[in-house]
Amino acid sequence: MKKYTGLLFVSLLSGAITLGSYKILFENQSTSSAITLAPNYAKNVNLAAETIDFTSAAESTLHNVVHVKNVTVSNVPRNPIMEYFYGYRGNQQQTQIGTGSGVIISEDGFIVTNNHVIQNATELEITLNNNKSYKAKLIGTDTKMDIALLKIEADEKLPYIVFGDSDEIKVGEWVLAVGNPYNLNSTVTAGIVSAKARDLSNEGLQSFIQTDAAVNPGNSGGALVNTRGELVGINTMISSPTGSYAGYSFAVPSNITRKIIEDLMQFGNVQRGALGVEGGELNSNVAKEIGIDQTQGFYINKVTKNSGAEKAGIKKGDIITALDNKKVSGFSDLTAFINTKRPDEVVNVSILRDGKQKIIPVILTKKELLAFEYNGIELEDIDSRDKKEFKIDYGLKIKSITNENYIDYADELEGSIIMSIDGMKAESIDKVSSYLNRKKGSKAQYKIITKNKQLVRIIM
């Protein structure tokens with residue numbers, strides 16, 4: 001009897017420890033973040049469409065996707081004919097209504113959508129799948145990746161989506177696009193992943209998931225989910241000569257979206273880490289031109305001053321083949337990975353140097369701290385003080401002049417703001433560096449606001 005009593009006590013103790021561990025682990029996880037991550041699953045491989053059940057994924061996702069209404073009120077000049085006959089003066093208010101989709105990511109009402117869906121909104125309204133409507137508050141945006149975070153105060157706990165791992169999806173895997181195209185609420189379409197790490201801007205910023213699921217105007221901000229109903233992307237744009245679906249659509253990967261949302265919640269802005277390298281994607285022609293055999297990877301032709309890459313010893317001529325063991329075939333792969341990281345995080349960079357493979361740990365630098373130099377002109381992103389002083393919302397500051405041809409004008413130019421280069425808006429270091437690198441040292445026309453607030457155009 002004593003033996004059985006001992007066994008019973010051990011069983012009860014083991015159960016208590018297991019239950020306590022479960023509560024500590026999972027309750028702590030649930031309170032640490034508003035975002036819920038999906039567990040790891042075995043992959044569905046070699047399954048035809050007719051053997052996959054889309055219904056459960058579609059049904060659960062429909063309740064997590066909302067309709068977003070953007071009301072914009074703007075002042076427009078009055079009709080000149082009315083002004084002539086009736087003497088009306090000044091402007092009149094014009095109201096415009098735009099619509100799109102959004103995805104509920106927490107039970108307390110956080111919603112992710114596209115920045116272009118809510119841009120310039122005077123008022124935002126969210127309608128749930130049960131037809132209840134709420135006013136929404138804008139928490140923050142990332143214009144570069146076209147992501148916005150909203151918040152509603154609902155009178156109930158809301159159904160929310162679980163984040164999947166967008167790095168793990170495969171080309172050819174089935175996905176569903178859920179949204180409100182043409183104001184047709186709760187629409188589901190199916191397709192496959194056509195490509196990953198797709199950059200349509202040629203600026204090295206984007207890293208879209210490309211699918212052939214039908215996406216149309218109004219789908220923007222909606223969910224791209226796998227067959228388990230886990231979020232793998234936010235539907236953002238289409239590639240079409242007509243403006244409607246013509247074969248391919250593009251989504252911001254969920255891992256990038258999740259990092260942006262967490263930054264907006266925690267810091268109020270997006271914390272961008274930078275490796276600090278410039279270069280290009282390898283192929284046969286590039287490899288032949290620079291005299292190497294390697295045809296895949298990212299070839300470094302410049303290392304940015306004071307960057308993590310420079311401090312870690314990465315050099316011009318190195319070829320990046322992987323980041324934390326994730327293969328890098330080109331700039332989009334590199335960008336997709338770095339966009340999920342923050343300043344001061346350590347990334348193990350696999351490089352090929354002189355035919356030998358090396359792994360170099362690099363501490364990422366804050367992107368805003370890095371500058372870009374072209375033709376002896378060093379540029380940096382503007383900050384909030386510059387925006388307020390010059391009454392602008394974009395531009396690049398001339399940090400220094402080292403080119404002997406312009407050194408006599410350094411006092412006037414340093415501290416001035418570049419608004420455009422060859423007619424292209426100077427919206428970011430990334431965009432401008434990509435454009436100027438393609439010019440290969442040739443001169444460009446700059447539209448500049450000088451320190452005394454004069455607008456000038458010069459060629460440098």
[atom1]/[X] to [atom2]/[Y] distance, rounded to the nearest 0.5 angstrom?
X: Q210; Y: M237; atom1: CD; atom2: CE; value: 11.0 Å
X: T143; Y: N114; atom1: OG1; atom2: CG; value: 12.5 Å
X: S350; Y: I320; atom1: OG; atom2: CD1; value: 9.5 Å
X: T61; Y: F54; atom1: OG1; atom2: CZ; value: 12.0 Å
X: E230; Y: I161; atom1: CD; atom2: CD1; value: 9.0 Å
X: I147; Y: I256; atom1: CD1; atom2: CD1; value: 9.0 Å

| said: Could you go through T304 and N306, starting from their C-alpha distance and side-chain angles, then the distance that decides it, and tell me whether this counts as side-chain hydrogen bond (donor to acceptor under 3.5 Å, both in side chains)? | reply: CA-CA 6 Å; T304 308; N306 302 317; over 6 Å; no
Donor on one side chain, acceptor on other, [X] and [Y], under 3.5 Å:
X: D165; Y: N255; answer: yes
X: S307; Y: T365; answer: no
X: S186; Y: N129; answer: yes
X: Y160; Y: D108; answer: no
X: T187; Y: N185; answer: no

Taking atom [atom1] of [X] as the centre, does the number of heavy atoms from other residues, nucleotides or ligands within less than 6.0 Å exceed 12?
X: I359; atom1: CD1; answer: no
X: D293; atom1: CG; answer: no
X: I363; atom1: CD1; answer: no

Do [X] and [Y] make a side-chain contact, defined as non-hydrogen atoms from C-beta onward lying under 4.5 Å apart?
X: L323; Y: L334; value: yes
X: T257; Y: I260; value: no
X: N226; Y: E173; value: yes
X: T122; Y: N70; value: no
X: V432; Y: M424; value: yes
X: N348; Y: I360; value: no
X: L149; Y: F110; value: yes
X: V175; Y: I169; value: no

Answer yes when [X] and [Y] have at least one side-chain N-carboxylate O distance shorter than 4.0 Å, and no when they do not.
X: E389; Y: K387; value: no
X: D386; Y: K397; value: yes
X: K315; Y: E310; value: no

Taking only residues two or more places apart in sequence, or in another chain, which ones meet [X] in a salt bridge (charged side-chain N to carboxylate O under 4.0 Å, His left out)?
X: D318; value: R353
X: E281; value: none
X: R342; value: E262, D263

Where [X] and [Y] come nearest, the two heavy atoms and their spacing:
X: T141; Y: A148; result: CG2-CB, 3.9 Å
X: A309; Y: G276; result: CB-O, 4.0 Å
X: I104; Y: H63; result: CD1-O, 4.0 Å
X: A136; Y: I126; result: CB-CG1, 3.6 Å
X: S60; Y: N64; result: O-ND2, 3.1 Å
X: A197; Y: S207; result: CA-OG, 3.4 Å

| message | Applying salt bridge (Lys or Arg N to Asp or Glu O under 4.0 Å) to K69 and E123, what does each step give before you reach the verdict? | response | CA-CA 8 Å; K69 184 169 79 171; E123 180 182 302; 5.9 Å; no
| message | Test side-chain hydrogen bond (donor to acceptor under 3.5 Å, both in side chains) on T236 and D146; report intermediate values, then the result. | response | CA-CA 8 Å; T236 298; D146 200 11; 5.1 Å; no
| Does the pair T127 and S133 meet the rule for a side-chain hydrogen bond (donor to acceptor under 3.5 Å, both in side chains), with working shown? | CA-CA 4 Å; T127 302; S133 295; 3.0 Å; yes
| request: Tell me, with the steps shown, if V178 and L62 meet side chain to side chain contact (heavy atoms under 4.5 Å, CB included). | output: CA-CA 7 Å; V178 185; L62 284 173; 3.8 Å; yes
Counting only N and O atoms by type, is there a donor-acceptor contact under 3.5 Å from the side chain of [X] to the main-chain atoms of [Y]?
X: D212; Y: I192; result: yes
X: D142; Y: K144; result: yes
X: S101; Y: G218; result: yes
X: S166; Y: P253; result: no
X: S249; Y: A214; result: no
X: N283; Y: N285; result: yes

| With S194 via side-chain hydrogen bond (donor to acceptor under 3.5 Å, both in side chains) - residues at least two apart |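 For S194, no residue satisfies side-chain hydrogen bond (donor to acceptor under 3.5 Å, both in side chains) once neighbours in sequence are set aside.
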| Out of D393, L396, I417, which one pairs with I382 under the side-chain contact (heavy atoms from CB on, under 4.5 Å) rule? | I417
| task | Sequence neighbours left out, what passes side-chain contact (heavy atoms from CB on, under 4.5 Å) with N219? Give chain and number order. | result | P181, V215, N216
| query | Hey, mind stepping through N183 and H67 against side-chain hydrogen bond (donor to acceptor under 3.5 Å, both in side chains) and telling me if it holds? | reply | CA-CA 8 Å; N183 274 329; H67 182 273; 2.8 Å; yes
| request: Could you go through the side chain to side chain contact (heavy atoms under 4.5 Å, CB included) check for F337 and D324 one step at a time? | output: CA-CA 9 Å; F337 183 84; D324 285 351; 3.3 Å; yes
| message | V349 vs V277, test: side chain to side chain contact (heavy atoms under 4.5 Å, CB included). Steps then yes/no. | response | CA-CA 12 Å; V349 182; V277 296; over 6 Å; no
Anything under 3.5 Å between a donor and an acceptor, one on a side chain of residues 294-303, the other on a protein residue two or more places apart or in another chain? List them.
{"from": "Q294", "atom 1": "NE2", "to": "Q296", "atom 2": "O", "distance (Å)": "3.0"}
{"from": "Q296", "atom 1": "OE1", "to": "K327", "atom 2": "NZ", "distance (Å)": "3.3"}
{"from": "K302", "atom 1": "NZ", "to": "E373", "atom 2": "O", "distance (Å)": "3.3"}

